[in-house]
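Computed from a predicted structure; not experimentally measured.
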Amino acid sequence: MAFSDDLMAAGADIWAAQFEHPFVRELAAGDLDEAAFRRWLEQDYRYLFDYARTYAVAGAKAREEAAMATLLGGADAVLNEELDLHRSFAGEYGVEPKDLAGVRKRPTCEAYTSFLVRTAHERPVPVAVAALYPCMQGYLDVADHMAEFADEDHRYTPFIDTYTSDEFRAKTASMRDLLDDYAAAYPGHRDAMREAFLTSARFELAFWEMAYVGEEWATGPVDVADVTVEANGTNEANETDET
């Protein structure tokens with residue numbers, strides 16, 4: 001079994017929770033509240049800058065030409081294609097580009113992007129690739145799931161079409177191949193890759209929830225006893241290359 005298949009099996013419950021999340025189900029049906037979609041759009045726009053930065057840092061650290069091409073190409077695609085797509089989405093829903101640029105990250109978005117960028121800087125490249133992968137595979141799988149029960153075209157159909165396109169499938173396949181190649185070449189990193197993959201997958205699920213419920217920063221006293229922090233393993237800040 002390919003390592004990517006092993007990761008997907010490990011994350012099966014998270015994927016199932018994404019499929020059943022009300023944001024996903026209501027978007028597929030076309031009746032998702034526009035305010036929730038706008039929150040997703042704004043936060044994902046901010047997320048994508050750090051997603052591109054994660055690709056770029058990992059690409060700069062990579063040694064193999066093919067890995068560099070995939071990772072640096074991924075950064076370019078996010079900056080020059082996906083962000084334009086989000087600006088286009090924004091125009092369709094009455095959001096000005098300048099408003100997107102001025103949006104403050106909500107807590108889940110801040111945590112997720114910080115995790116990605118930190119992983120790219122501090123961990124070996126295979127671990128960064130594993131952290132990047134759930135976003136692409138998750139959006140492809142979620143959009144495929146939406147397409148299965150989206151009965152007719154509606155205002156959110158362009159979202160589904162974007163993430164089920166042949167182009168997006170090809171980009172996702174390239175990342176999956178890179179992930180599997182790294183797992184085969186560096187078996188000693190597999191445990192860390194699995195943990196990074198699952199952490200990002202959990203953040204993907206939390207991102208839908210953030211947009212759906214309108215998560216906000218706390219403005220009053222917080223009881224720290226009610227806050228659970230999940231550690232992400234040992235900090236290996238001295239690991240600056242693939243091996």
Side-chain angles (χ1 to χ4, degrees), residues 1-15 18 47-79 82 109-142 163 167-207 230-243:
M1 182 169 66
F3 186 67
S4 56
D5 292 331
D6 177 59
L7 294 183
M8 292 298 295
D13 288 347
I14 302 171
W15 253 249
Q18 291 193 74
Y47 165 88
L48 286 173
F49 283 98
D50 284 323
Y51 192 58
R53 185 173 291 111
T54 302
Y55 268 108
V57 172
K61 290 168 62 176
R63 295 176 178 176
E64 297 88 352
E65 180 181 353
M68 292 175 65
T70 297
L71 293 166
L72 295 177
D76 179 74
V78 171
L79 291 171
E82 197 162 3
C109 184
E110 183 68 59
Y112 191 4
T113 55
S114 295
F115 166 72
L116 288 175
V117 173
R118 185 177 70 251
T119 298
H121 279 286
E122 297 180 356
R123 308 300 300 275
V125 177
V127 180
V129 169
L132 285 164
Y133 182 60
C135 180
M136 297 194 73
Q137 189 64 59
Y139 268 69
L140 174 59
D141 292 343
V142 164
Y163 294 109
E167 183 179 12
F168 191 73
R169 290 182 192 282
K171 291 175 181 176
T172 303
S174 292
M175 278 298 286
R176 182 168 57 248
D177 290 344
L178 181 60
L179 177 74
D180 287 333
D181 288 346
Y182 271 136
Y186 301 101
H189 289 320
R190 288 186 181 184
D191 287 346
M193 292 171 72
R194 182 178 290 103
E195 184 58 35
F197 170 87
L198 290 173
T199 298
S200 286
R202 295 181 185 109
F203 272 127
E204 286 293 321
L205 175 59
F207 210 95
E230 181 176 337
N232 184 43
T234 303
N235 179 15
E236 301 175 40
N238 61 334
E239 291 184 314
T240 57
D241 59 29
E242 297 171 12
T243 58

Undergrad: Taking the side chain as every heavy atom from C-beta outward, state whether T119 and T54 have any atom pair closer than 4.5 Å.
TA: no

Undergrad: For E167, what residues pass the side-chain contact (heavy atoms from CB on, under 4.5 Å) criterion, not counting sequence neighbours?
TA: E81, S165, K171

Undergrad: Could you label the plane-to-plane angle of the Y51 and Y55 rings as parallel, tilted or perpendicular, counting under 30° as parallel and over 60° as perpendicular?
TA: perpendicular

Undergrad: Among all residues two or more places apart in sequence or in another chain, which pass the salt bridge (Lys or Arg N to Asp or Glu O under 4.0 Å) test with D191?
TA: R194

Undergrad: How far apart are the closest heavy atoms of A120 and A128, and which atoms are they?
TA: CA-CB, 4.0 Å

Undergrad: Indicate the atoms forming the closest heavy-atom contact of R123 with A192, along with that distance.
TA: NH2-CB, 3.6 Å

Undergrad: Is there a side-chain contact between V117 and V57 in this structure, where contact means two heavy atoms from C-beta onward sitting under 4.5 Å apart?
TA: no

Undergrad: Roughly how far, to the nearest 0.5 Å, is CG of D6 from CE of M1?
TA: 4.5 Å

Undergrad: Does any part of the side chain of L71, heavy atoms only, come nearer than 4.5 Å to the side chain of V125, both counted from C-beta?
TA: yes

Undergrad: I'd like to know if the side chain of R190 and the backbone of A183 have a donor-acceptor N/O pair within less than 3.5 Å.
TA: yes

Undergrad: Are any non-hydrogen side-chain atoms of F207 and C109 less than 4.5 angstrom apart?
TA: yes

Undergrad: Within the 4.5 Å heavy-atom criterion, are C135 and Y47 side-chain neighbours or not?
TA: yes

Undergrad: Between P134 and A130, which heavy-atom pair has the shortest distance, and what is it?
TA: CD-O, 3.1 Å

Undergrad: Which residue pairs satisfy the side-chain hydrogen bond (donor to acceptor under 3.5 Å, both in side chains) criterion with at least one member in residues 125-134, sequence neighbours excluded?
TA: Y133-Q137

Undergrad: Using atom types as modelled and distance alone, determine if a side-chain donor or acceptor of S114 lies under 3.5 Å from a backbone N or O of A111.
TA: no

Undergrad: Side-chain contact, heavy-atom cut-off 4.5 Å: L132 with S200?
TA: no

Undergrad: Can you find a heavy atom in the side chain of F197 that is under 4.5 Å from one in the side chain of M8?
TA: yes

Undergrad: Once you round to the nearest 0.5 Å, how far does OG1 of T70 lie from CD of E64?
TA: 10.5 Å

Undergrad: Looking at R202 and I14, what are the two nearest heavy atoms and their distance?
TA: CG-CD1, 3.7 Å

Undergrad: Judged by atom type as modelled, is there a donor-acceptor pair below 3.5 Å linking the side chain of K61 to the main-chain atoms of A56?
TA: no

Undergrad: Heavy atoms only: give me the nearest P124-H189 pair and the separation to one decimal.
TA: CG-CE1, 3.6 Å

Undergrad: Taking only residues two or more places apart in sequence, or in another chain, which ones meet D5 in a salt bridge (Lys or Arg N to Asp or Glu O under 4.0 Å)?
TA: none

Undergrad: Identify the heavy atoms of A67 and L178 that sit nearest to each other, and give their distance.
TA: CB-CD1, 3.8 Å

Undergrad: Take W15 and Y139 through the ring pair (Phe, Tyr, Trp, His ring centres under 6.0 Å) test and state the conclusion after the steps.
TA: CA-CA 10 Å; W15 253 249; Y139 268 69; over 10 Å; no

Undergrad: Please evaluate residues Y112 and E204 with respect to the criterion side-chain hydrogen bond (donor to acceptor under 3.5 Å, both in side chains), reporting the C-alpha separation (whole Å), side-chain torsions for both, the decisive distance (0.1 Å), and the verdict.
TA: CA-CA 8 Å; Y112 191 4; E204 286 293 321; 2.6 Å; yes

Undergrad: Restricting to salt bridge (Lys or Arg N to Asp or Glu O under 4.0 Å), what partner residues turn up for D50, sequence neighbours left out?
TA: R53, K105

Undergrad: Only counting residues at least two apart or in another chain, list the ones meeting side-chain contact (heavy atoms from CB on, under 4.5 Å) with D180.
TA: A2, F3, S4, R176

Undergrad: How long is the straight-line distance from CG of L179 back to CG of L7, given to the nearest 0.5 Å?
TA: 5.5 Å

